[in-house]
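This report concerns only the one structure given below.
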Amino acid sequence: MHDLRAIRENPERFDQNWARRGLEAQTSSILKLDEERRAVQTELQEIQQERNSLSKEIGLMKRDGKDTSDIEAKVGKMKDRMAELEERDRTLGDSLNQHLSSIPNLLDEEVPNGADENDNKEVRKFGEPKRSNDKPLEHYEIGENLGMMDFETAAKLSGSRFVMMHSGLARMERALAQFMLDLHTGEHGYTEVSPPLLVRDHVLYGTGQLPKFAEDQFSTKETGHFLIPTAEVPLTNIMADMIIEEDDALPRRYTAFTPCFRSEAGSAGKDTRGMLRQHQFYKVELVSITLPEDSAAEHDRMTDCAETVLKKLDIPFRTVMLCSGDTGFGAQKTYDIEAWLPGQDTYREISSCSNCGDFQARRMKARFKRKGEKKTEFLHTLNGSGVAVGRALIAVLENYYAPADGGVVVPDVLQPYMGGLKKIMPLQGATTEQLKASA
RNA sequence: GGACAGUUGGCAGAGUGGUUGAAUGCACCGGUCUUGAAAACCGGCAUGGGUGCAAGCCCAUCCAGGGUUCGAAUCCCUGACUGUCCGCCA
């Protein structure tokens, strides 16, 4: 959401910034609506003022036992015009809100201009991609050869874009999540949260998924709840409708391990093999709430927290700053962390860390007050994956694969979470049915 | 799923149709007093919006949305949430 006052004061700044995302100029139509609405409000308030004072007078006259029918009739007549103006105010306000709430956040100065992911700017690299003479396997080949990754059964139950894992891989997924949570809570100062996974529509509005991205969400028929597409949604909304003191435990840092549900409506045909893009996946999320002046530094810190996960897993990655055309709706600036996937011979996104500035805070009314000040200000919100568990599993499979025996070495940091297991070996007689029996 | 009760400012808690945006207490901020502090006393203390150079003036908001009325925190309807009891259940 955008600050209407700021738009009034400097419309060019907004139009120019939005143009970087490929949007047409918006402010003139916004300001026209705004002007019209204020004119309506002014007239309405004048009438209301008149009504209020006459009504007070009636009260006093009645107390004195005087006749008030004349004056009552007079007030009664004002009602039509008032109703008319109220209706007009509401209509104008609605379209103004609808318009404003569908426009993406302003981009940070540093964000490079560009059309799509090809224009993203690499800022860091870690590790050396492993390259071998053999053609490396993709994660689903490794997983299926292990006999622990079953897309057929998942499809039978749920259709495409679902997977069912067994045995060592199921355990490794759990191990990854535990490892990440322990890292963020133990070393990075995040508070672990176990949030609701079903939320109401206003919560998704608060973080920016609604109204514009309704078709990307799953929802429940009976109750109208939405399944969270990321824990960013419940975690950030912890601050919704609050006014806190400036020194009240800021920054706040929350982490949660949750499933995420996405309809992937717009990605038909994309990443259809394997478990890279699923309707359901696990993710460890990081969310920070800060003062405005602290969000830039917190953004770097958060990105570092996410990178640490990959460093400890010893998976090569690079970090890119998204260009204007690739930066998401609610973000001012986003770093993607891309893990090296030997099977694809490329880096793929495994984490996305965004500074949303006051954009979400404004939508959900997350505010604070500075000491001695009367005015409230909006907090800044940040979110990042720390990291996507399913994709981390993919990265481990492809980077730790042992072609000699078809096994997958368990990264050191995960071994304590897997009972000391050092390597996942293929199950014997690798047909899915047998595997399930032996699992 | 059934029955009842509730939702008021940062918190607690008055208030059932007329100067109530809202008593009172606590918390918080400023002042007096004090060597300093505490106590006591005095004063201040909601949010959003309109208008104005400004001081200010005005409008809206007592869970949300409708309605009744000249006038609604207060009456009516719908919904959300919380609590209690019953039923069911991981």
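Per chain, numbering begins at 1; letters A, B, ... match sequence-line order.
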(message) Let's go through A/F359 and A/H2 carefully: what are the C-alpha distance in whole Å and the side-chain angles of both, what is the deciding distance for ring pair (Phe, Tyr, Trp, His ring centres under 6.0 Å) to 0.1 Å, and is it a yes or a no?
(response) CA-CA 7 Å; A/F359 186 80; A/H2 294 283; 5.4 Å; yes

(message) Between the side chains of A/R81 and A/E43, is the shortest nitrogen-to-carboxylate-oxygen separation below 4.0 Å, so that they form an ion pair?
(response) yes

Whole angstrom is fine here: how far is it from [atom1] in [X] over to [atom2] in [N]?
X: A/M242; N: B/C11; atom1: CE; atom2: P; value: 11 Å
X: A/L198; N: B/C81; atom1: CG; atom2: P; value: 13 Å
X: A/I47; N: B/A60; atom1: CD1; atom2: P; value: 12 Å

(message) B/C59, OP1 or OP2 - any side-chain N/O from A/N52 closer than 4.0 Å?
(response) yes

(message) Tell me whether the side-chain N/O atoms of A/R51 come closer than 4.0 Å to OP1 or OP2 in B/A60.
(response) yes

(message) Taking pairing as Watson-Crick or G-U wobble with both contacts under 3.5 Å, can you name the mate of B/A40, or confirm there isn't one?
(response) B/U32

(message) Any residue in residues 74-97 of chain A with a heavy atom nearer than 4.0 angstrom to RNA chain B? Just list them by number, or reply none.
(response) A/V75, A/K79, A/R90

(request) Apply the test side-chain hydrogen bond (donor to acceptor under 3.5 Å, both in side chains) to residues A/T185 and A/E192: give CA-CA distance (whole Å), side-chain angles for both, the deciding distance (0.1 Å), then the verdict. (result) CA-CA 6 Å; A/T185 56; A/E192 183 171 350; 5.0 Å; no

What distance, rounded to whole Å, do you find between the two [atom1] atoms, one in [N] and one in [M]?
N: B/A27; M: B/C76; atom1: C1'; result: 38 Å
N: B/G65; M: B/G44; atom1: C1'; result: 36 Å
N: B/G43; M: B/C59; atom1: C1'; result: 28 Å

(request) Start with the C-alpha gap between A/T207 and A/Q209, add the side-chain angles, then the distance that decides, and say whether side-chain hydrogen bond (donor to acceptor under 3.5 Å, both in side chains) holds. (result) CA-CA 6 Å; A/T207 32; A/Q209 284 80 11; 2.7 Å; yes

(message) Within the structure provided, determine whether A/H184 and A/R253 are in side-chain contact (heavy-atom separation under 4.5 Å).
(response) no

(request) Kindly indicate whether the side chain of A/E138, heavy atoms from C-beta on, has any atom under 4.5 Å from the side chain of A/R273. (result) no

(request) Have a look at A/I58 and say if it touches a base, only the backbone sugar-phosphate, or nothing, with a 4.0 Å heavy-atom cut-off. (result) base

(request) Have a look at A/K62 and say if it touches a base, only the backbone sugar-phosphate, or nothing, with a 4.0 Å heavy-atom cut-off. (result) base

(message) Hydrogens and angles aside, do A/S354 and A/N383 bring a side-chain donor and acceptor to less than 3.5 Å of each other?
(response) no

(message) Testing the 3.5 Å rule here: is there a donor-acceptor pair between the side chains of A/E72 and A/T68?
(response) yes

(message) From the set B/G71, B/C59, B/U19, return the single nucleotide nearest to any side-chain atom of A/Q48.
(response) B/C59

Please enumerate all protein N or O atoms sitting under 3.5 Å from an N or O of nucleotides 47-51 of chain B, with distances to 0.1 Å.
unit_1	atom_1	unit_2	atom_2	d
B/U47	OP1	A/K369	NZ	2.6
B/U47	OP1	A/K374	O	3.3
B/U47	O3'	A/R367	NH1	3.3
B/G48	OP1	A/T376	OG1	2.6
B/G49	N2	A/Q45	OE1	3.2
B/G50	OP1	A/R8	NH2	3.0
B/G50	OP2	A/R5	NH2	3.0
B/G50	O2'	A/T42	OG1	3.0

(message) Here's a test of your reading of the structure: between A/E46 and A/R200, which maps to the more 5' nucleotide of RNA chain B?
(response) A/E46

Can you give each donor-acceptor pair under 3.5 Å made by side-chain atoms of residues 93-100 of chain A, sequence neighbours left out, with the distance rounded to 0.1 Å?
unit_1	atom_1	unit_2	atom_2	d
A/S95	OG	A/T91	O	3.1
A/S95	OG	A/L92	O	3.2
A/H99	NE2	A/Q26	OE1	3.0

